[in-house]
Number of protein chains: 2
Amino acid sequence: MTAEPAGAVKTLRPARTTATRQKLFDASMELIGERGAAGVTVDEIAAAAGVSKGTVYYNFGSKSELIAQLLRHGVDILKARLQEAPGQKAPIQVGSGQESAAQRAATAASADPLLEMEAMIGQALDFMSEYPSFARLWVSENWRTPSEWQGTFAVLRGELLEVIGQAVERVAQAYPVDSTVSRGSLETAIFGACFVVGLDRQTYHPERTRDQSVAAIMAIMRGYVLQRPGPRG
Amino acid sequence: MTAEPAGAVKTLRPARTTATRQKLFDASMELIGERGAAGVTVDEIAAAAGVSKGTVYYNFGSKSELIAQLLRHGVDILKARLQEAPGQKAPIQVGSGQESAAQRAATAASADPLLEMEAMIGQALDFMSEYPSFARLWVSENWRTPSEWQGTFAVLRGELLEVIGQAVERVAQAYPVDSTVSRGSLETAIFGACFVVGLDRQTYHPERTRDQSVAAIMAIMRGYVLQRPGPRG
DNA sequence: CTAACTAAACTGACCAGTCAGTTCAAATAG
DNA sequence: CTATTTGAACTGACTGGTCAGTTTAGTTAG
């Protein structure tokens with residue numbers, strides 16, 4: 001019988017378990033990204049992770065749950081990357097006037113929300129380069145209608161779009177923008193363009209540079225902003 | 001014994017076969033779009049098409065070949081739609097000065113390549129609405145690395161991007177554009193945004209209108225064009 | 001001592017592809 | 001006009017193999 005219901009506590013977990021789960025995440029990400037969730041067997045994943053099949057079930061309970069947690073894992077990484085982009089550095093609510101040099105640098109870099117946006121898109125593309133399999137898994141399963149991970153996707157998608165939405169909002173505060181454009185659709189377009197441009201670069205056009213890709217996606221923002229006299233205020 | 005090797009002649013094919021193949025395309029498109037190529041069985045497809053399993057193999061030879069031809073079929077439809085957009089109406093080389101009223105209307109509408117671009121994006125979104133399963137199949141399988149349909153995708157992707165590329169070219173001829181932006185990346189961004197915005201509307205935001213979506217994607221073009229004094233020439 | 005993990009065998013469902021046989025519309029023969 | 005033949009189109013039971021998930025008895029590491 002499996003002790004501890006699969007996928008229980010995440011924190012305070014023994015080091016061995018954490019390492020095992022990480023190995024399984026790495027192996028799954030790779031294999032599933034290449035051949036799709038349905039195209040990979042649990043035996044293969046276990047073998048690739050250098051672990052027995054029983055361990056997969058001990059840790060995750062099912063193939064489906066493994067993949068759900070894999071999606072969550074990837075989104076956590078991507079969100080962290082996006083928030084690394086200057087100006088996204090979470091609500092710093094420490095006593096006023098005591099920012100560190102690093103904090104001041106971040107603030108300075110984020111003075112222009114368009115530059116911040118550019119940094120975010122760059123981070124997104126870097127993520128796609130680093131975890132191409134995650135991007136493939138995402139686009140493969142995201143829009144399936146009665147998907148096993150429908151709920152998972154709805155939540156994760158919302159989290160990512162919120163980060164983008166905040167950055168767009170900051171642009172809209174600093175610049176005159178075309179208010180006839182639906183904010184939601186715009187965010188989706190940016191989000192989608194990041195994935196597709198990133199994946200396409202990976203698969204079909206490795207010669208395209210990161211900066212070319214960023215510039216192409218940034219065209220969306222330049223088209224959203226009405227004039228270019230720099231941020232106001 | 002099966003006469004005629006599967007998937008041979010396409011033209012002059014007896015009506016019965018054409019009807020059968022169409023039924024199989026319709027059924028496959030629906031099922032595969034929902035649950036993915038690997039998630040659907042040939043038995044299910046046959047049943048949904050109201051045909052026996054043997055007929056699938058008689059007509060296509062393999063599940064894989066059925067899907068390859070399904071992709072080709074969908075791209076043919078999408079390409080036709082994109083070329084319906086004003087100004088794309090293929091090289092009309094009939095005797096000069098004898099255009100029909102319809103041709104003149106199309107020419108008039110295409111006077112502005114940006115409007116033409118807008119029409120094309122609208123057509124793309126309409127296609128996504130009408131064949132959502134095709135779009136899902138496309139994004140699900142397009143970027144798999146050693147895919148069964150790698151070659152198929154490379155060809156079809158090229159055909160679609162060429163149509164977009166021509167429209168972008170016409171914009172670049174008529175307007176001053178940001179020449180530092182890589183044309184290929186830009187086209188990919190537009191292409192990707194169409195798919196993702198279309199699918200997202202379908203799956204998560206049915207309340208978003210077609211025109212909102214078009215406007216969001218058109219932001220890319222507005223950002224690519226440097227000024228807005230109307231087309232030159 | 002116990003949670004985490006191993007190794008290997010096993011079950012039961014599922015599924016791609018096969019093939020011997022059936023149908024029927026059109027061609028040909030009488 | 002009727003009988004016969006032909007073969008493309010189609011059928012569906014069957015085969016061989018695969019795979020998620022289970023079980024069990026034992027091992028390792030913290």
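Residue numbering restarts at 1 for every chain, and letters A, B, ... go by the order of the sequence lines.
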Starting at OG of A/S213, measure out to NE2 of A/H205 and round the result to the nearest 0.5 Å. 10.5 Å
Under a 4.0 Å heavy-atom cutoff, the residues of residues 32-56 of chain B touching DNA chain D are B/V51, B/S52, B/G54, B/T55
Round to a whole Å and report the spacing from CD of B/E148 to C1' of C/dG17. 14 Å
What is the distance, to the nearest angstrom, from the OH atom on A/Y57 to the C1' atom on C/dC10? 14 Å
Gap between atom CG of A/L70 and atom CZ of A/R21 - 0.5 Å precision: 11.0 Å
Between A/E148 and A/S64, do the side chains contain an N or O donor and an N or O acceptor separated by less than 3.5 Å? yes
note: A/K63, atom NZ; D/dT18, atom C1'; distance rounded to Å ~ 12 Å
Report yes or no: does B/E141 contribute a side-chain atom to a donor-acceptor pair with the main-chain N or O of B/W149 at less than 3.5 Å? no
Rounded to the nearest angstrom, tell me the gap between atom CG in A/L66 and atom C1' in D/dA20. 13 Å
Looking only at heavy atoms, which two atoms of B/G122 and B/R210 are closest? And how far apart? O-NH1, 3.3 Å
Compute the angle between the rotation axes at the two ends of the helix from C/dC1-D/dG30 to C/dG30-D/dC1, each taken over five pairs, rounded to 10 degrees. 20°
Distance check: side-chain N/O of B/N59 vs OP1/OP2 of D/dC10, anything under 4.0 Å? yes
Rounded to whole Å, how long is the line connecting atom CG of A/L24 with atom C1' of C/dT6? 13 Å
Determine yes or no for a side-chain-to-main-chain donor-acceptor pair under 3.5 angstrom, with A/E44 supplying the side chain and A/T41 the backbone. yes
If I take atom CD from residue B/E116 and atom CD1 from residue B/I121, how far apart are they, to the nearest 0.5 angstrom? 10.5 Å
Between A/K23 (NZ) and C/dT6 (C1'), how many Å, whole number? 12 Å
Show me the pairs that pass salt bridge (Lys or Arg N to Asp or Glu O under 4.0 Å) and involve residues 184-195 of chain B, at least two apart or across chains. none
Rounded to the nearest angstrom, tell me the gap between atom CZ in B/R21 and atom C1' in D/dA9. 13 Å
Just to confirm, is there a sub-4.0 Å distance from OP1 or OP2 of D/dA9 to any side-chain nitrogen or oxygen of B/Y58? yes
Measuring to OP1 and OP2 of C/dC5, would you say a side-chain N or O of A/T20 lies under 4.0 angstrom away? yes
With rounding to the nearest 0.5 Å, note down the distance linking CG in B/L186 to CD1 in B/I190. 4.5 Å
